[in-house]
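Input: a single structure, listed below in C-alpha cells.
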There are 2 protein chains.
Amino acid sequence: MQKRVPVAPDAAHCSTCMLGHVCVPVGMAAAEVEKLDELVKERVRLEKGKMLYSLDHPLDAVYGVRFGSLKTQLEDSTGQIQITGFHLPGEIVGMDGMLDGKHVSAAIALEDSEVCVIRLTEVDRVATHLPSMQQQFRRLMSREITRSHQMLASLGSMRSEQRLAAFLLNLSQRYASLGYSSTEFVLRMSREEIGNFLGLTLETVSRLFSRFAREGLIKINQREVRILDLPALKQLLGHEGC
Amino acid sequence: MQKRVPVAPDAAHCSTCMLGHVCVPVGMAAAEVEKLDELVKERVRLEKGKMLYSLDHPLDAVYGVRFGSLKTQLEDSTGQIQITGFHLPGEIVGMDGMLDGKHVSAAIALEDSEVCVIRLTEVDRVATHLPSMQQQFRRLMSREITRSHQMLASLGSMRSEQRLAAFLLNLSQRYASLGYSSTEFVLRMSREEIGNFLGLTLETVSRLFSRFAREGLIKINQREVRILDLPALKQLLGHEGC
DNA sequence: CGGGTTATTGAAGGCTATCAACCAAAGTGG
DNA sequence: CCACTTTGGTTGATAGCCTTCAATAACCCG
C-alpha cells in the first residue's frame, strides 16, 4: 500500500534539503539544523490517490511533505467529508489526534508524492541534545493552529467570491515561497475538492472561475491557472462590505 | 489593566487543582502531575470585557482558564472580527502565533475570570526533569488543532440549525465534563458573538433559538438555556442530508 | 426610573445550493 | 482505430436559506 524507503546515508538530510526555509527547520540557526539530520530515518512514497494515514490509525509520527501534495480530511459519522487542508512541500501533516494517540483525519496524495516520516520518539530524542527542538515543534504546531483559525475566518465571514480569491492568493503565496511562479500554477485538486474545502459546491467554484476569467482577473484552462490581476484579487478581500 | 497575582506557596497547584482532568495534566500519571506544581508561578485576574492579550503582543506564555470564560478572536486588516473560540475552565488559550513570537489574535474575558500563566520558559525547564512534559504540551496543542478542524467541518458543511445544535451540544458536553449540568447552563456570550463564531447573523441565531424553543427542543430565557430534548438535538446533526 | 444595550420578530431580497443538461477529455475494450 | 463509458467541468433555471433592513420589546446598570 505504501512504499517505505529508509533514508540512505548519503541522501538529503534536513540540513541540505531545499525546503529548510519552510519545513521543520524554519527559523532555526544553521548550526542547529545540522543536529536535525537524524530526525528523519524514513520516507514514504505515495502514488496519486493513496492514503498516508486514515481515521483511527495509531499516531506515532507526523509527516513533512517532500514533493507532491496532499489533502487532509475529516469524516463524520454519516460519511460526510470535510477537507481541512491542501499541503504543499515543506508543510507538516498529521498533527491532530495526538490527544488520544490516533488520527482523527485522513491524508491522501493529490499526485505522486513523498513525505518525510518524523517519529515523535525521534523528536524527543533529538530534543535531548538540541534544546530548541521543543520550541521548534511548538512553532510548527502553532503554525497549523493559526492556519486553521484563518480558515475559520474565511468560512465564517467571507462570501463565495472572496473565499475563492483568498484561496488563489494563498496558493500563489505558498508557491512563491517555494520558489515557483506566484502567477502561474496547476491546481492539484478538483473543483469538488476546492468546493468542499471552501464550503461551496463545485458548481459555484466553476462559475466563479469562469467569472474571474471573464472579468480578466485570471486565465483558467482546466486546472491551469494564470493570475492576471493580482491587485484586483486582493481588493476583492479587503474593501467590500465597508 | 490586568491584575497579576503571584501564586502563594499554599495556593492550589496543578496537582491539587480540580481541573486536572481537563487542563494541562490531562491524561498524565498522578506521580507526574506533582512535578507540574512549579509550572504556574503567576495568575491573571480579568474583569468582564478585559483583554488578556491582543494582536501583536509578544507571546511568551499560554494561559489555562481557571474560572470564568474567554473568547478568542482574529481581526483582519479591515477591522472585521472572527471569533475562533469560547474557552471554559481547564482550556488553554494563546497557542497561536508562536511562529513569529507574537499573538495573532486577542483573548477577552466574557465574565470575571482568572487564568494561570504558563510561561514557555517554564515549560522547557519543567521538561528537563519531566520528560513527558513535551509530549503533554504537544497533546494540548493537538487538541486545539483538532477542535478548530472540527469547527471547519461545521462551518463548511452544516446549515444554520445544525451549527447551532452542534454549538449547544458542544457546550453541554464541556459543562458536563466540568461537573456542571449538561442540560441547564448560562450562555456567557451574546447572540452576536454566537453568530460571529458560527458564521451566522445574530438575527438568525435568535430565530433559531426561538424555533428550537417552539419545537420543544430547548427552553430559553435570555441567556439561560435548558436542553429538553437532547436526542432530538443530536438527530439534527446526523441524518439530515442522506 | 431612564437610557442604552441586547434580543425578538417581520418583510423583502440576494446569494448560493440544487437539479439538470451538456460538453470535453481520458480511458476501455472490441 | 473507433464506439462506448467514465470522470470532471461548464452553464442554465429555479428554489430556498439566510442576510439585510427595520421596528419593537425586554433587560440591565447606573
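Chain letters run A, B, ... following the sequence lines, proteins first, then strands; residues in each count from 1. What's counted below: heavy atoms across the whole structure, side chains too, no hydrogens, waters or symmetry copies.
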What are the two closest non-hydrogen atoms of [X] and [Y], and how far apart are they?
X: B/I81; Y: B/E75; answer: CG1-CG, 4.0 Å
X: A/V104; Y: A/L74; answer: O-CD2, 3.4 Å
X: A/P89; Y: A/R66; answer: CB-O, 3.7 Å

- [ ] Check each of A/K219, A/E215, A/R214 against A/L217 using the side-chain contact (heavy atoms from CB on, under 4.5 Å) test, and report the only one that passes.
- [x]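 Filter result, single survivor: A/E215.
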
Task: Where protein sits on nucleotides 5-21 of chain C, one letter per nucleotide: B base, S sugar-phosphate only, - none, heavy atoms under 4.0 Å - done: -SSBBBB----SSBBB-

Between [Y] and [X], does any NZ, NE, NH1 or NH2 come within less than 4.0 Å of an OD or OE carboxylate oxygen?
X: B/E91; Y: B/R174; result: yes
X: A/E114; Y: A/R45; result: yes
X: A/E193; Y: A/R188; result: no

Nearest-Å distance for atom pair [atom1]/[atom2], residues [X] and [N]:
X: A/F212; N: D/dG9; atom1: CZ; atom2: C1'; answer: 17 Å
X: B/L198; N: D/dC17; atom1: CG; atom2: C1'; answer: 16 Å
X: A/E224; N: D/dG8; atom1: CD; atom2: P; answer: 18 Å
X: B/D112; N: D/dC29; atom1: CG; atom2: C1'; answer: 15 Å

Open item on the list: Can you give me the bend angle of the helix from C/dC1-D/dG30 to C/dG30-D/dC1? Use the axis through the first five pairs and the one through the last five, nearest 10 degrees.
Closed with: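 Computed angle between terminal axes is 50°.
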
TODO: State yes or no: are the ring centers of A/Y180 and A/F185 separated by less than 6.0 Å?
DONE: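 No, the ring centres sit 6.0 Å or more apart.
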
